[in-house]
Amino acid sequence: MRPARALIDLAALRHNYRLARELGGRKALAVVKADAYGHGAVRCARALEPEADGFGVACIEEALELREAGIRAPILLLEGFFDAAELALVEAHDLWFVVQADWQIDAIERARPAKPFTVWLKLDSGMHRLGLAAHEYRAALQRLQAMAQVGEVVAMTHFARADELDCDRTEQQLALFNQVCVEASLPTSLENSPALLGWPDVQGDWSRPGLMLYGASPFAGPHPLADRLRPVMTVESGIISVRDLDAGESVGYGARFVTRRPSRIGVVAMGYADGYPQFVPNGTPVAIDGHPGDLVGRVSMDMLTVDLTDHPAAGLGSRVELWGAQVRVHDLAARCETSAYQLLCALKRVPRHYLDE
Ligand SMILES: Cc1ncc(COP(=O)(O)O)c(C=O)c1O
C-alpha cells in the first residue's frame, strides 16, 4: 500500500481550541469550513463538540454534513445564505447565518419561520469582501430588529491584515467597528486566529478561530502564543526507491537539482497530486526518520526526492515527514511563498488516520 498518510491528532485540536477560548475569554466558534481546513470536518467537530460553543462553516452544504453526522451544537453560515430558498433548510436544521448584504434582509422579511432566526450582521470595516458599509449598518440593524423573523443579532466584522503585527489596519478596522456597533449593545464577534493571538486589545463575545485550531501559526516569524499551539496534522510518507549518483547528475524533471558530490537520493511517495506544492526550492525541509533533511529536485505528481547522503541509516521504507511536529506547516509555507491555510486545505488523496488521547 502507498505509504502516504495524514495523521490527525484530535487531542492537539482540543488543546488549541482551549487556547483560543483562553485568549478570547468568552465563547469561541470553531471554524471547520473547507472540511476543517483539510482535517475532516465531521471528525473534528465530533472531537470538539463536548466543549465547543459552536461551529463556523462556509455554506449550507457544509452545515448539513455536520447535522447529518449528528452535530447538534450551533452552526453559523459564515457567508450567510446564497439564495432565499436556503432559508427553509436553515430553519429545518436550526442554523445561524451571517447577513452580509441588503438582499438577504429582504429575503428574511419574506420568510415565515416558526422560530426567529439568529443572525450575525456583518460590518465591512475594511476587508471589502462581504458586509454592510458603515453608513448602511444602522438602518440594516433597525430593519432586522423590527422583524418578528429575527431573534438574536450578533454584530461582527472580519480583519484583513491581523497577521501583520506592525500594520495599523486592524486598529483602524476596530475603531470603525466600535464607532458603528458598540452603541447598539449587541453581542460582538471580531477575532480570527491572528487577532486572538496577536491583538489582545481586540475582544468580543464570540471569537472565530480557524487556522490556530489546527496548530498552524498565521504569523511569518516566531510568536510566544502561536508557539503554544500543537500541530494537528502530520503528513508523512515512505521512501520507495533509493539511488546512488555521481557528482554532476541531475535529479527529476527539469534538472532542478544537480548533485555537487556523490549522493544518495531517496524517492518519496508524495507529490503535487496529494497537495504538496510543486515548486518548492531545493533544501525545503523534511524530516527523515525523525532527522532534519532536505527535499531536492522538482516535485512530481506522485513522488518527490530527498537527499539521503547525510542519512546513511535511512533507506527503503524510511519515514519522511513533509509537515507536522518537526516541519511546521507555516514554516514550510513561508519557504514556498504560500500560506499554511492553502497547504492544509490543498491536501487530498492522502488517507487520514485519527489519533485521540
Ligand atoms: C468570517 C471568518 N471568520 C473566521 C475565520 C477564521 O479565520 P482564521 O483561520 O484566520 O482563524 C474565517 C476564515 O477565513 C472567516 O472567513
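If you read the sequence from its start, that first residue is 1, and numbering goes on from there. Computed over heavy atoms, backbone and side chain alike; hydrogens, waters and symmetry mates excluded. We count ligands from 1, going down the list as the structure has it; atoms in each ligand are counted the same way.
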Return the residue, atom name and 0.1 Å-rounded distance of the protein heavy atom closest to atom 4 (C) of ligand 1.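 The protein heavy atom lying closest is R208 O, 3.4 Å.
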
Nearest protein heavy atom with distance in Å, relative to atom 16 (O) of ligand 1: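 Here the nearest protein heavy atom works out to K33 NZ, 3.4 Å.
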
Which atoms of ligand 1 are found less than 4.0 Å from any heavy atom of [X]?
X    : result
L211 : 8 (P), 9 (O), 11 (O)
Y37  : 6 (C), 7 (O), 8 (P), 9 (O), 13 (C)
R129 : 16 (O)
P194 : 10 (O)
P209 : 11 (O)

Mind checking whether M212 has an N or O less than 3.5 Å away from an N or O of ligand 1?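 No: no nitrogen or oxygen of M212 is under 3.5 Å from one in ligand 1.
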
Salt bridge flag under 4.0 Å for residues [X] and [Y]:
X    : Y    : result
R261 : D310 : yes
R21  : D53  : yes
E236 : R5   : yes
R208 : E191 : no
R349 : D274 : yes

Looking only at atom types and distance, does a side-chain atom of T338 sit under 3.5 Å from a main-chain N or O of A333, one as donor and one as acceptor?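 Not confirmed, T338 side chain does not pair with A333 backbone.
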
Is the distance from the ring center of F55 to that of W96 below 6.0 Å?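 No; W96 has its ring centre 6.0 Å or more from that of F55.
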
Heavy atom under 4.0 Å from ligand 1: found in H158's side chain, backbone, both, or neither?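 Side chain only.
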
Closer than 4.0 angstrom: is that true for some heavy atom of E79 and an atom of ligand 1?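 Outside the 4.0 Å threshold, so no.
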
